[in-house]
Amino acid sequence: MVARNEPEPCREQDWGLFEITKRDGAARIGRLHSKHGPITTPMLLPVINPNIRTIEPREMWEKYGIEALITNSYVIWKHEDLRTQALSEGIHSLLDFPGAVVTDSGTFQSYVYGDVEVGPEEIVAFQRDMGVDIGTMLDVFGRPDMTREELEGAVEETANRAKPSLSVAGSEMLLNGPIQGGTHADLRTRSSLLMGSSESEGRGFAVHPIGGIVPLMEQQRYRELFEILLASKSSLPPDRPVHFFGCGHPLLFPMAIALGVDMFDSAAYAIFARDDRLLTPEGTVKLGDIQEWPFHSHALFGITPQIVREMEKDERSIILAKHNLEVTQAELARCREAIRNGTIWELAEKRSHASPYLREAFVWLQEQLDDPDDGPVGDSVLQIIASTNPLRRGGEGLGEEIDFRPHILHIQALLATRWRVPGSWWDSTSGPPERVLLIEGAPPPWRISALGPVIEQLAEEPRTVVMISTPIGLIPFSLEDLSPWCHLTGPDGIWDPIFDDLEVIEALDEFGLSKTPLVRIIPREEAEEHPEAAGVREWLDRCSVVDKLALLCAINPSDGCKITDEMTSRRSRTDRVVNVNSGGKHILSPRLTDGGISLTTHGASVANELNSSPIPEFGSSEEGSDFPGIPRVCIIDDAIPFVGNGRNVMHGYISGADSHLTPGQPCIVVDSNGALVAHGTPITTHLEMSFLRKGVAVKVREGAMKQDQ
Ligand code: GUN
């Protein structure tokens, strides 16, 4: 094996900055910049006990790709020999680890043993003097069984220690600012506000661990655990990684990550190994009970459980710890990959079935998503939905829980708030609809399976609204190629008609169509040539563009109609619209992979001219409207020459962004006068844009200056 090189230190001005490189709702792949190299998140900090090094830190770096680990500064401080060596040689040399070293402060020892002998400032100074990358202040552990008054005390005392701790940490060491508050959502919110805003000499905390949760995990009180997480997330600055203190069981990773946890730490890999237990992503397995391995690993390849049982205790602990670490790392890799391909929620859904306690928590979470409460938990849940790209490529497995997936909830909400009945019909008349045609019992693509009856019915009655029945609700025909509806996968039977009359009327009521005469049909025949077909299809294409601009770009359908007036289009060999022109100029292309739209620079400019609301500015409020217009990101003058020529918009160069900006959906980039600079796809939300200082905010498709060259 090739030895891994020493880490490249991050630039000094970047220390402590966190960037988001990929996201799936609240789940994010990030990079935290440290003096000893970047730390890619979500990640686990393996706990190293400096007295018992089950796996050597050097081996963790070289063999397991561990970028950062955590050890306890209080344990080092208590042992004279370790303390002296750490202060003279530095923590990296003491541990023989070249990556980033995180230390805890002794708070957990005070929880276990009642007290610690070190003061809050002394232990921070000690961590700083050992050359730690990310230290931890001495917070007050809030046990879930404490009274509310005691927990309030823990929150306040921790907050009181924040500023002096930041001051002692100085400019070289980053600091963890733990959130306490027991199981009280309001105290967690308060703690998050206090700790998130604490500063000394302009420096705040780099990371916020959620503290006091070990007893909840030991008692498998996962519902409360996740409630606390959501309450804390509602009030934490979104540019700081969140660490789940003491959590290292892979079972909890997918759900925690789906809700926005970036870092974990745990000694579980070693402690469980000492107890002859194996970690798996679905729970824990005892070595004594098995004949074959439940999960493969490099450590256990080629040997049987019986061989391991016969090993000496120390040798057995080491080999099982290595296996546990590999399984843990593999599950984190799986989670990161799920973020990249937009399936972290489905992974959490799957894993929730592995434990009844986790299942209870997941079902509670689904209830929150379905009907968010009024408090901080509801705020976080709404934020998760809004930050989730509603469109996906590829199949969407139909299952009982599909209706609770955040991207499904998001697209359903957009459909409910932004779709309107057509303002005019294919025969150029206007006025209310005379008929609703409901297509049932047909699979996608409906442009093929239902085109015949659609044309026939529209030819007969031009004022017909065409709707399609899908297993997850009714949609207008104009969105027939939009993900997720056209991507639902399952056995043929999922397309059988499922809604009775009452259900159909209720669903149509949501669109204001329950009083319009209804025709329900199951298409049977192939489309036949019809004399009106060309005119009807042109109108259907136009409806599709208007409705997608409304749903995905928040453009008022009346503006959409203006843009598409005299629209022309180019079709592919498979008869799908590939280019849409307005006034003879290419404005957008429907995306064949997910049914979304890609604007051209001319289209972005047209959309910009239609947006008459004030240029967004961080800190100023916006008026609520269903159609606030194409979302805009306003950049500062320094960035204009770069972005105008097609470079990405970087955090730190943004002065405002519209709050309805959706990661993954089109946005435009403007200057402070509202002139178009570029257009592209946002990676982060408007709130994140107002906090983050590093990384790409908008992936630019094209700069507006490029065209003029
Ligand atoms: N390790 C596990 N829980 C905690 C906590 O609440 N605070 C600190 N500092 N360390 C922990």
Side-chain angles (χ1 to χ4, degrees), residues 44-49 68-78 101-124 126-127 132 134-146 150-162 164-166 168-169 173-184 187-188 190-192 194-195 198 205-219 221 224-225 228-229 231-232 236 240-249 252 256 261 263-271:
L44 173 101
L45 299 161
V47 174
I48 302 292
N49 181 333
L69 50 73
I70 189 166
T71 188
N72 200 296
S73 63
Y74 182 63
V75 173
I76 300 173
W77 183 86
K78 286 259 287 184
V101 174
V102 183
T103 43
D104 202 349
S105 54
T107 299
F108 197 67
Q109 282 68 18
S110 76
Y111 155 66
V112 177
Y113 305 112
D115 204 4
V116 285
E117 296 153 23
V118 73
E121 291 176 37
E122 192 182 356
I123 196 67
V124 174
F126 178 61
Q127 294 173 75
V132 163
I134 310 175
T136 303
M137 60 166 282
L138 191 69
D139 50 318
V140 181
F141 196 100
R143 293 192 323 268
D145 61 346
M146 282 176 167
E150 287 170 326
L151 287 162
E152 275 168 4
V155 167
E156 298 304 323
E157 178 56 22
T158 300
N160 290 341
R161 295 178 184 176
S165 301
L166 283 163
V168 171
M173 183 174 74
L174 307 174
L175 205 58
N176 277 322
I179 306 303
Q180 297 292 345
T183 54
H184 299 270
L187 295 186
R188 289 285 175 175
R190 175 160 173 77
S191 180
S192 301
L194 291 171
M195 301 300 285
S198 291
F205 290 107
V207 178
H208 288 291
I210 310 293
I213 57 176
V214 169
L216 293 178
M217 290 184 290
E218 284 168 352
Q219 295 161 34
R221 289 163 64 181
E224 290 156 283
L225 178 70
I228 286 170
L229 172 63
S232 307
L236 281 172
R240 298 188 185 164
V242 170
H243 173 165
F244 237 16
F245 242 153
C247 172
H249 200 301
L252 297 175
V261 172
M263 299 170 89
F264 301 87
D265 78 279
S266 175
Y269 71 99
I271 295 173

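Ligands are counted one by one from 1 in listed order, and the atoms in each one are counted from 1 as well.
A side-chain donor-acceptor contact under 3.5 Å links S105 to the backbone of M137. R188 places no side-chain N or O within 3.5 Å of a backbone atom of L229 that could act as its donor or acceptor partner.
Partners of M217 under the side-chain contact (heavy atoms from CB on, under 4.5 Å) rule, at least two apart in sequence or in another chain, are I213, V214, L225, C247, L252. For the side-chain contact (heavy atoms from CB on, under 4.5 Å) test, residues two or more places apart in sequence or in another chain that qualify with A68 are I39, M43, L45, A100.
Side-chain contact annotation: Q180 with T158, donor-acceptor N/O pair under 3.5 Å absent.
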List the atom pairs, with distances to 0.1 Å, where a side-chain N or O of residues 108-119 and a protein N or O form a donor-acceptor pair under 3.5 Å, not counting sequence neighbours.
| unit_1 | atom_1 | unit_2 | atom_2 | d |
| --- | --- | --- | --- | --- |
| Q109 | OE1 | N72 | ND2 | 3.2 |
| S110 | OG | T107 | O | 2.6 |
| E117 | OE2 | K78 | NZ | 3.4 |

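At a heavy-atom cutoff of 4.0 Å, ligand 1 is surrounded by D104, S105, T107, F108, T136, D139, F141, Q180, G211, G212, V214, F245.
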